[in-house]
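Just so you know, residue 1 is the first one in the sequence shown, and it goes up from there.
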Amino acid sequence: MGSAKDMSVDRSITVGADRGRTPRPAAEPTLNAGADFLHLDVGQAPPGGRATWLTDRLRRAIADGVIPIGSRLPATRTLAADLGVSRGVVVEAYQRLMEDGHVAGRGRAGTRVVASALTATNAVAEPAEPPGDASPARVVDPAALFPDAPGTDVFDTVRTIPAHIDLTPGVPDLAAFPRADWLRAEKAVLGRLVAADLGYGDPCGTPALRRAVAGWLARNRGITVDPAEVIITTGVSQALGLLAQVLRDDGVTTVGVEDPGSLGVRQHLDNWRLTTVPIPVDTAGVRVDELTASGVPAVMLTPAHQFPTGAVLDGERRRQLAGWTRAGGLVIEDDYDAEHRYDRPPVPALRATLPERVCYAGSVSKLLAPALRIGWLLVPRRYRDAVVAAKRNADLGNAVLPQLVLAELITSGAFERQLRLLRRRHVRRRDAMTAALARHLPEATVHGAAAGLHLTVTLDSGVVDTELAAAALARGVKVQPLSWHCLRPYRPGLVLGYAANTASAIDAGIATVAAAQHGG
């Protein structure tokens, strides 16, 4: 087989142009699907590994620029026939490229290349360039970005710093946003919209979305709730702000938080003038004995997939927690990463069994995109009127059109299809990260269940994780130090996100972190 770099791409012909079809203009390059496409020789594919072999060849061609961005790949039937393989082999290869974010299906427009493949060689070789051509590069000392005591603006600051590979947690795969489904849903909504729908709506949210969310929670989280009880928010952050206001008015000024636990959540509660008290977390979840001993009236938990340790609150701890609530305790449940469970069905939400003792918050930020700013909140009846009033005073309610489109996505089944796609993609990327850690950083201990969008690793006690994060960023890879999320002394480590990266980028990123750790 000749080198792929020797192949010239004819940008003026379509698949099957030799059969008399009209050439497309050069502005829409389409690849010739003749038998010499990329000089592929299927005889070189290992037995039983044709789809993997074809995926690799296509990925290399995209990375090398042989298949340029904007090109349309050959139709699956045509390429399968020309290579002498089943159509399923080509479909699987295209699907893998789609899940990696390199190509996108455009309906009748075919499958087009939308992003170049990131290789380990160029992933960390040079400093990243900021967007735009006119602005000078921002010079930043990585060590200054990772202080031992991070300020309230630390996440915003680090987010704006460019890096070749971003392994920070909480970043979903934005390339997977279901644009075609969203456009179809938007068209359906606009087609039946009446003028009155464009006015001010209920501050609790549109009835359509509240019904859809109630159904989603019943099917996926085991929560039975009347749609009238669902309050639509702009996300978990707003839900916490609303609850903080209401709880303070009710005399609750102290809230327990998991330790290790989310720095962002802790800062948000502090901003609303709630005192946060650390409650230890172990492999079974929050220590309910320590919670009881603390005397706090309320606690903030991520029981489905604890951030950052990845622990799942086990059955015994759930029973203990139920006893704590019967004695008067209140749980604020952030259903963080709940649907993203890969080795078994997700555990039911605490709200499912303790409706009058749990304030429950969730959002679509990890399933669709944070930019939508849509979430939901369920509260015990005694807090409902006060929370609704706080929501009305905050913003008069979320934007109506995105709510209606999301409701259409949920009721049409597109939302669940998106979840299934993400689960398949995330489990491969999680596997890629665990393999990369075993290969490049074998001394690291990986924590947590097979779930979520991140992994947490702990390192030898002599490591200063903020210094390691700074050294990794200096080499072009962004990670988050575990110590940021700890109020009490804990082992040094890193919190690593994998959802937004391809397997090759993950491997390159972990290799770079290992080089920073070992001084290579």
Side-chain angles (χ1 to χ4, degrees), residues 196-218 221 223-257 264-276 296-301 325 328-336 349-352 354-365 370 372-404 406-407:
D197 293 328
L198 296 173
Y200 289 103
D202 189 324
C204 293
T206 65
L209 182 55
R210 293 158 76 189
R211 286 193 300 270
V213 168
W216 171 264
L217 294 176
R221 305 302 302 126
I223 298 174
T224 301
V225 61
D226 189 301
E229 298 177 52
V230 177
I231 301 168
I232 301 301
T233 67
T234 59
V236 173
S237 291
Q238 186 183 49
L240 293 182
L242 298 175
L243 288 172
Q245 296 172 63
V246 171
L247 291 179
R248 279 191 61 84
D249 289 345
D250 196 41
V252 176
T253 59
T254 303
V255 176
V257 292
V265 166
R266 194 166 73 240
Q267 289 178 335
H268 201 60
L269 294 174
D270 290 343
N271 179 62
W272 284 101
R273 296 179 295 115
L274 290 178
T275 302
T276 53
V296 296
V299 65
M300 172 79 197
L301 299 179
T325 64
L330 179 73
V331 174
I332 303 170
E333 179 179 17
D334 176 1
D335 212 15
Y336 180 80
L350 291 175
R351 168 78 189 199
L354 301 168
E356 290 306 310
R357 302 307 307 171
V358 174
C359 300
Y360 175 91
S363 81
V364 299
S365 293
L372 294 178
R373 308 310 306 140
I374 299 179
W376 42 81
L377 174 64
L378 310 178
V379 297
R381 279 170 291 188
R382 66 185 184 279
Y383 293 129
R384 177 171 167 73
D385 290 346
V387 170
V388 171
K391 173 64 175 171
R392 181 186 299 109
N393 292 335
D395 54 20
L396 296 181
N398 289 32
V400 170
L401 286 177
Q403 291 185 66
L404 295 175
L406 178 58

### Task
Go through Val299 and Glu333 one step at a time and tell me if the side-chain contact (heavy atoms from CB on, under 4.5 Å) criterion holds.
CA-CA 9 Å; Val299 65; Glu333 179 179 17; over 6 Å; no
What distance do [X] atom [atom1] and [Y] atom [atom2] have between them, rounded to the nearest 0.5 Å?
X	Y	atom1	atom2	value
Thr275	Leu269	OG1	CG	10.5 Å
Leu406	Trp376	CG	CH2	6.5 Å
Arg266	Asn271	CZ	CG	14.0 Å
Leu372	Ser365	CG	OG	8.0 Å
Asp197	Leu404	CG	CG	6.5 Å
Leu354	Cys359	CG	SG	11.5 Å

### Partners passing side chain to side chain donor-acceptor pair (under 3.5 Å) against Arg381 (at least two apart in sequence or in another chain)
Glu356
### Summary
Sorted by chain and residue number, the side chain to side chain donor-acceptor pair (under 3.5 Å) partners of Asp270 (sequence neighbours excluded) come out as Thr276
To check you understand the geometry: which heavy-atom pair defines the closest contact between [X] and [Y], and what is its length?
X	Y	answer
Val400	Gly199	CG2-O, 4.3 Å
Arg357	Gly328	NH2-O, 2.7 Å
Met300	Asp334	CE-CB, 3.3 Å
Gln238	Asp395	NE2-OD2, 3.0 Å
Pro380	Leu330	CG-CD1, 4.4 Å

### Message
Looking at Arg221 and Ala218, would you say the former's side chain and the latter's main chain have a donor-acceptor pair under 3.5 Å?
### Response
no
### Query
Under 3.5 Å, side chain of Gln403 to main-chain N/O of Gly205, donor-acceptor pair present?
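Not a single qualifying donor-acceptor pair exists.
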### Task
Run the numbers on Thr233 and Arg373 for side-chain contact (heavy atoms from CB on, under 4.5 Å), then give the verdict.
CA-CA 8 Å; Thr233 67; Arg373 308 310 306 140; over 6 Å; no
I'd like to check [X] versus [Y] (side-chain heavy atoms, cut-off strictly below 4.5 Å). Are they in contact?
X	Y	result
Val252	Thr254	no
Pro402	Ile374	yes
Cys204	Lys391	no
His268	Val236	no
Tyr360	Leu217	yes
Leu378	Ile223	yes
Val331	Arg351	no
Trp272	Arg248	no

### Message
Among Leu209, Leu377, Val225, exactly one meets side-chain contact (heavy atoms from CB on, under 4.5 Å) together with Val230. Which residue is that?
### Response
Val225
### Message
As a quick check of understanding, evaluate side-chain contact (heavy atoms from CB on, under 4.5 Å) for Ile232 and Thr206, giving each step before the final call.
### Response
CA-CA 8 Å; Ile232 301 301; Thr206 65; over 6 Å; no
### Query
For Val255 and Val296, what are the C-alpha separation, side-chain angles and deciding distance, and is it a side-chain contact (heavy atoms from CB on, under 4.5 Å)?
CA-CA 6 Å; Val255 176; Val296 296; over 6 Å; no
### Query
So, Arg211 and Glu229, do they make that salt bridge, N to O below 4.0 Å?
no
### Cationic N near anionic O, under 4.0 Å, Arg382 to Asp250
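A salt bridge is absent here (no side-chain N lies under 4.0 Å from a carboxylate O).
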